[in-house]
Protein chains: 2
Amino acid sequence: MPMEAVKPKRRTRIQTEKREIILEAALEVFAQHGFRGATIDQIAEAAGMSKPNLLYYFRSKEDIHVTLMQRLLETWLAPLRELDDIGDPITELRSYIRRKLEMARDYPRESRLFANEILQGAPRVMPMLEGELKELVDEKAQIIRGWMRDGRIVRTDPWHLIFAIWATTQHYADFDVQVRAVLGPDRGAEGRFEDAARFLEQLFIEGLKPKR
Amino acid sequence: MPMEAVKPKRRTRIQTEKREIILEAALEVFAQHGFRGATIDQIAEAAGMSKPNLLYYFRSKEDIHVTLMQRLLETWLAPLRELDDIGDPITELRSYIRRKLEMARDYPRESRLFANEILQGAPRVMPMLEGELKELVDEKAQIIRGWMRDGRIVRTDPWHLIFAIWATTQHYADFDVQVRAVLGPDRGAEGRFEDAARFLEQLFIEGLKPKR
DNA sequence: GCAAATTTTGACCGATTGGACAAACGTTAG
DNA sequence: CTAACGTTTGTCCAATCGGTCAAAATTTGC
């Protein structure tokens, strides 16, 4: 009995298109209300179709969420994957921080969707965190540790450094309404992110440069 | 017509006790599932009483949440309130960061409850963010800015500095399952927070000390 | 001890939820 | 044209939701 691909998943043109529309709508709704707070009706309306029609393309609400999270993790980890051993450590880290901040600015819904999932205890992505994510972080932490051993950046905990970069950048997406409420309407979104970029650059990069 | 207190709120001993039990249970449930994801039945069961009995002490689910958020904000902002103009800037900021990290360690449910509320767009606490919170942050940012003007710490954006301290410390409560998944079971909770404290001290404090 | 006040409960309600299903509607290959 | 296939819809359902209510059980003030 030959081992075939688990799912052939032959898809019509319409199926491909409609699934895409649904996922886009679901991202909007899930990011705003969380998994349990979101309803299939809301997603269906946002996608411009009836509920039974939506359930023709996805078997269940959970199915939509799982598909969404799988895709999300790929694009979400892309910046960290690009962190490279070759090249100047400071430049590499500066680029990573900048890319992460740009993602918080350009894909806030994705950030909030992810934050929601983790906040609820990651019931649907725990295996991915312990597998794929942990491996990637460990690998990159070793690279950073190497830089520290060579005295190219100051010595500190690479894992917590990565956590701090995640926390500070994603904060501008996840806690956006709080940031806006505190800063007031003086500066628009562009200004806020410019200021944030400057601040994070100073905080992390200046702090990491080897003394003398 | 004399202006009296808006609500006399004469409370029985039992009322005081039971309301406390309910709030404790609600904190647990709301922190894990968010407002919409939590059900009155869940809270009632966690509080060890029947649903109608719970609704005898709180008029509605919303009523519980509002009460919880009001109390939360007070204790949540306490560390920032303590940030004082007198005394050494470095010492003050070090204490603030340590206190915030301790709160993330000792009151993770409170942190997650707050994160949930902000993530959903702060529908029930927006006025408090734009009022009380903004005023407090602005006041403390001015103090920090004063320190910078006097050359006692390096010049940077005080508001974003506060955001960064919030983000990094609360990360250990809100994203706890992710942190644990990535770090693995090697070190217990104590070890994680020790490492985090050391890292954050280095990141913020070393970075803020005036050069030469 | 006892009446009044407070607390607790079981039964119930309308609204909303995720999802099922068959019938109807399109579309296209022969 | 028509049979086969893919798509869409209206209707329906059981479960769960937040919340009500009257009656029963308990506590409290005197």
Side-chain angles (χ1 to χ4, degrees), chain A residues 7-70 113 116-117 120 123-125, chain B residues 7-69 113 116-117 120 123-124:
Chain A
K7 285 228 172 177
K9 275 182 187 168
R10 196 72 65 79
R11 293 241 169 85
T12 330
R13 175 185 54 88
I14 294 186
Q15 275 169 358
T16 316
E17 291 172 4
K18 290 292 174 77
R19 280 176 68 95
E20 219 55 42
I21 294 177
I22 292 171
L23 287 175
E24 158 66 24
L27 172 61
E28 185 76 27
V29 178
F30 278 139
Q32 200 176 349
H33 302 289
F35 180 76
R36 295 197 54 179
T39 71
I40 298 186
D41 291 274
Q42 280 176 310
I43 301 173
E45 197 196 327
M49 63 183 72
S50 66
K51 181 167 68 172
N53 197 185
L54 181 148
L55 285 169
Y56 170 72
Y57 293 105
F58 286 91
R59 281 188 304 220
S60 68
K61 183 178 166 185
E62 177 117 10
D63 192 13
I64 305 176
H65 193 267
V66 167
T67 307
L68 215 45
M69 289 299 298
Q70 279 171 351
L113 176 63
N116 250 311
E117 175 70 10
Q120 321 279 313
R124 280 166 285 269
V125 293
Chain B
K7 286 228 173 179
K9 274 184 188 166
R10 196 75 65 78
R11 293 242 167 85
T12 330
R13 174 185 56 87
I14 294 185
Q15 275 168 358
T16 316
E17 292 171 5
K18 291 292 174 78
R19 280 177 66 96
E20 219 56 41
I21 293 175
I22 292 171
L23 288 175
E24 158 66 25
L27 173 60
E28 185 77 27
V29 177
F30 279 139
Q32 200 175 348
H33 302 288
F35 181 75
R36 294 196 55 178
T39 71
I40 298 186
D41 290 273
Q42 280 177 308
I43 301 173
E45 196 196 327
M49 62 183 73
S50 66
K51 181 168 65 171
N53 196 185
L54 181 148
L55 284 167
Y56 170 71
Y57 294 104
F58 287 91
R59 282 186 305 217
S60 67
K61 183 178 165 183
E62 177 118 9
D63 192 13
I64 304 176
H65 194 268
V66 167
T67 308
L68 216 44
M69 289 299 299
L113 175 64
N116 251 310
E117 176 70 10
Q120 320 282 315
R124 280 167 284 270

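Letters A, B, ... mirror the listed sequences (proteins, then strands); counts begin at 1. From a predicted model like this one, the values you see are computed outputs, not experimental measurements.
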Report task. Give a yes or no on this: more than 12 heavy atoms of other residues, nucleotides or ligands lie within 6.0 Å of atom CD of A/E45. Result -> no
**Report entry** Distance below 4.0 Å between A/Q15 side-chain N/O and D/dT7 OP1 or OP2
**Finding:** yes
Report task. Identify whether any heavy atom of B/L55 sits under 4.0 Å from a base atom; if not, whether one sits that close to sugar-phosphate; answer base, sugar-phosphate or nothing. Result -> base
**Report entry** Whole-Å gap separating P (D/dG18) and NZ (B/K51)
**Finding:** 7 Å
Query raised in the report: So what does A/F58 hit on the nucleic acid, given a heavy-atom distance under 4.0 Å: a base, only sugar-phosphate, or nothing?
Result: nothing
Query raised in the report: So which heavy atom on A/I43 is nearest to which on A/I22, and how close?
Result: CG2-O, 4.1 Å
Query raised in the report: Roughly, in whole Å, what's the span from OH in A/Y56 to C1' in D/dG10?
Result: 18 Å
Query raised in the report: What is the distance, rounded to the nearest whole Å, between atom CD of A/E45 and atom P of D/dT9?
Result: 14 Å
Query raised in the report: Which nucleotide, C/dA11, D/dG18, D/dT8, lies nearest any side-chain atom of A/Y57?
Result: D/dT8
Query - Any B/N53 side-chain N or O less than 4.0 Å from OP1/OP2 of C/dT9 - result: yes
Query raised in the report: A/R36 CZ to C/dT17 P: how many Å, rounded?
Result: 13 Å
Query raised in the report: Within this structure, what is the CG-to-P distance between A/D41 and C/dG19, rounded to whole angstrom?
Result: 11 Å
Report summary line: With the side chain defined as heavy atoms from C-beta on, A/P52 is closest, among D/dT8, C/dA20, C/dT8, to C/dA20
Query - d(CD1, A/I43; P, C/dG19) in whole Å - result: 10 Å
Query raised in the report: Rounded to whole angstrom units, what separation is found between the CD1 atom of A/I40 and the P atom of D/dA15?
Result: 17 Å
Query raised in the report: For B/A44, which contact category applies under a 4.0 Å heavy-atom criterion: base, sugar-phosphate, or nothing?
Result: nothing
Report task. Calculate the interatomic distance between B/M49 atom CE and C/dT7 atom P; express it in whole Å. Result -> 11 Å
**Report entry** CA sep, side-chain torsions, deciding dist, call: A/N116, B/N116, side-chain contact (heavy atoms from CB on, under 4.5 Å)
**Finding:** CA-CA 8 Å; A/N116 250 311; B/N116 251 310; 4.1 Å; yes
Query raised in the report: Do the side-chain N or O atoms of B/S50 get closer than 4.0 angstrom to the phosphate oxygens (OP1, OP2) of C/dT9?
Result: yes
Query raised in the report: Is B/K61 reaching over with its side chain to a backbone N or O of B/F35, donor-acceptor style, under 3.5 angstrom?
Result: yes
Requested in this report: Report the C-alpha distance between B/H33 and B/Q42 in whole Å, list the side-chain angles of each, state the deciding distance to 0.1 Å, and finish with yes or no for side-chain contact (heavy atoms from CB on, under 4.5 Å).
Outcome: CA-CA 10 Å; B/H33 302 288; B/Q42 280 177 308; 3.5 Å; yes
